[in-house]
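First the structure, which I've put down as structure tokens, then a few questions once you've had a look.
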Amino acid sequence: MKIATWNVNSVRFRAQLVTRFLRDEQPDVLCLQETKVENGLFPALPFHKLGYTHQAIHGQKAYHGVAVLSKIPFRTSGRETGVQDFCREGHARHMGVTLANGVELHNFYVPAGGDIPDPVQNPKFDHKLHFLAEMEKFFARRKAKSDPVILVGDLNVAPLENDVWNHKQLLGIVSHTPVETRLLGEVQAAFDWTDTTRHFVPPEEKIYSWWSYRAADWEASDRGRRLDHVWASPGLKAALRSQKIVRKMRGWQKASDHVPVVVEFDL
DNA sequence: ATGGTGGTCCTACCA
């Protein structure tokens, strides 16, 4: 089973890039974040035509929004099943589905958190910390860690030193501050999640999934961050087969600032 | 130290 996650930054603006990716990579399931569209206007047809006939969509106008496109049927039915309320602001930032093979899949778009890394001065940062704490509570509550569960998404935190282009320089920058990386570590510990990218890529090696639009030349400066993640539950760790971050897609015309993470499981 | 770009929707907001 091949699972992909991608912050697409508007699924309508980039629908053709989504179909290109689906043709190239042929994942069984693609989880999207920042779809930026309400459910009635979601471009379902081009993905349906490629075999992604099972679509769990949770969107809203202009901002946020998540979706799961799947070749594998869902056990749950309907277009809006599985949404949990991690988000006190009422944003569309989570969609959960259970696949026909029994795998439970959670797709997250964690709040970016604004510019100032202080929850008192900056309500967006406070909201981000609250959202992560809610994620931790949700998974800590569950007992059966042997269940096959996958958590993916734009978590908007780059946890390790080599998940950013310059660790010391980014310690005060939202996405890599100690309070965020500690909290994400607690979310990870709450369910003994395996960070699948780091399962395959040693921590000494720099690897990123996001490059700012503001760089004159994203590739030359290579000032990236690893904000996009696929986590596997303990019961799925032995089934991990491969991971890749599709860096070349940052160079496509009309690229998203994020690129997909693709993980294969032997199931 | 600053501003740099891009999507949504139309005046800023968000990333």
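Here the structure is a predicted model, which means the values were calculated and not measured. In what follows, chains carry the letters A, B, and so on, assigned in the order in which the sequence lines appear, proteins first and then strands, with residues in each chain numbered from 1.
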Rounded to whole Å, CD of A/Glu34 lies from C1' of B/dC13 at a distance of 12 Å
The side chain to side chain contact (heavy atoms under 4.5 Å, CB included) partners of A/Thr53 (sequence neighbours excluded) come to A/His48
Reading nucleotides 1-10 of chain B from 5' to 3' and marking B where a protein heavy atom lies under 4.0 Å of the base, S where only the sugar-phosphate is that close, and - otherwise, the string is ---BBSBSS-
Scan A/Arg93 against the nucleic acid and name what it touches under 4.0 Å (heavy atoms): base, sugar-phosphate only, or nothing.
-> sugar-phosphate
Co-members of A/Val120 in a cluster of I, L, V, M, F, W and Y side chains, linked at under 4.5 Å | none
Which residues satisfy the ring-ring contact (aromatic ring centres under 6.0 Å, His included) test with A/Phe265, sequence neighbours excluded?
-> none
Separation of atom CG in A/Asn7 from atom P in B/dC14, rounded to whole Å = 16 Å
Report the distance from atom CG of A/Asp228 to atom P of B/dA15, rounded to the nearest whole Å.
-> 15 Å
Applying ring pair (Phe, Tyr, Trp, His ring centres under 6.0 Å), which residue pairs with at least one partner in residues 146-175 of chain A are found, sequence neighbours left out?
-> A/His167-A/His176
Contact list for residues 199-211 of chain A, test salt bridge (Lys or Arg N to Asp or Glu O under 4.0 Å), sequence neighbours left out | none
Which whole-number value in Å describes the distance from A/Leu227 CG to B/dC14 C1'?
-> 15 Å
What stems involve DNA chain B, if each pair must be Watson-Crick or G-U and both of its distances must be under 3.5 Å, with 3 or more such pairs in a row?
-> B:5-8 with B:12-15
Take atom OH of A/Tyr109 and atom P of B/dC14, then tell me their distance rounded to the nearest Å.
-> 11 Å
List in chain and number order the residues that pass ring-ring contact (aromatic ring centres under 6.0 Å, His included) with A/Tyr52, two or more places apart in sequence or in another chain; answer none if no residue qualifies.
-> none
Heavy-atom side-chain proximity of A/Val110 to A/Met135 below 4.5 angstrom = yes
Partners passing side chain to side chain contact (heavy atoms under 4.5 Å, CB included) against A/Glu136 (at least two apart in sequence or in another chain) = A/Leu183, A/Glu186, A/Val187, A/Ala190
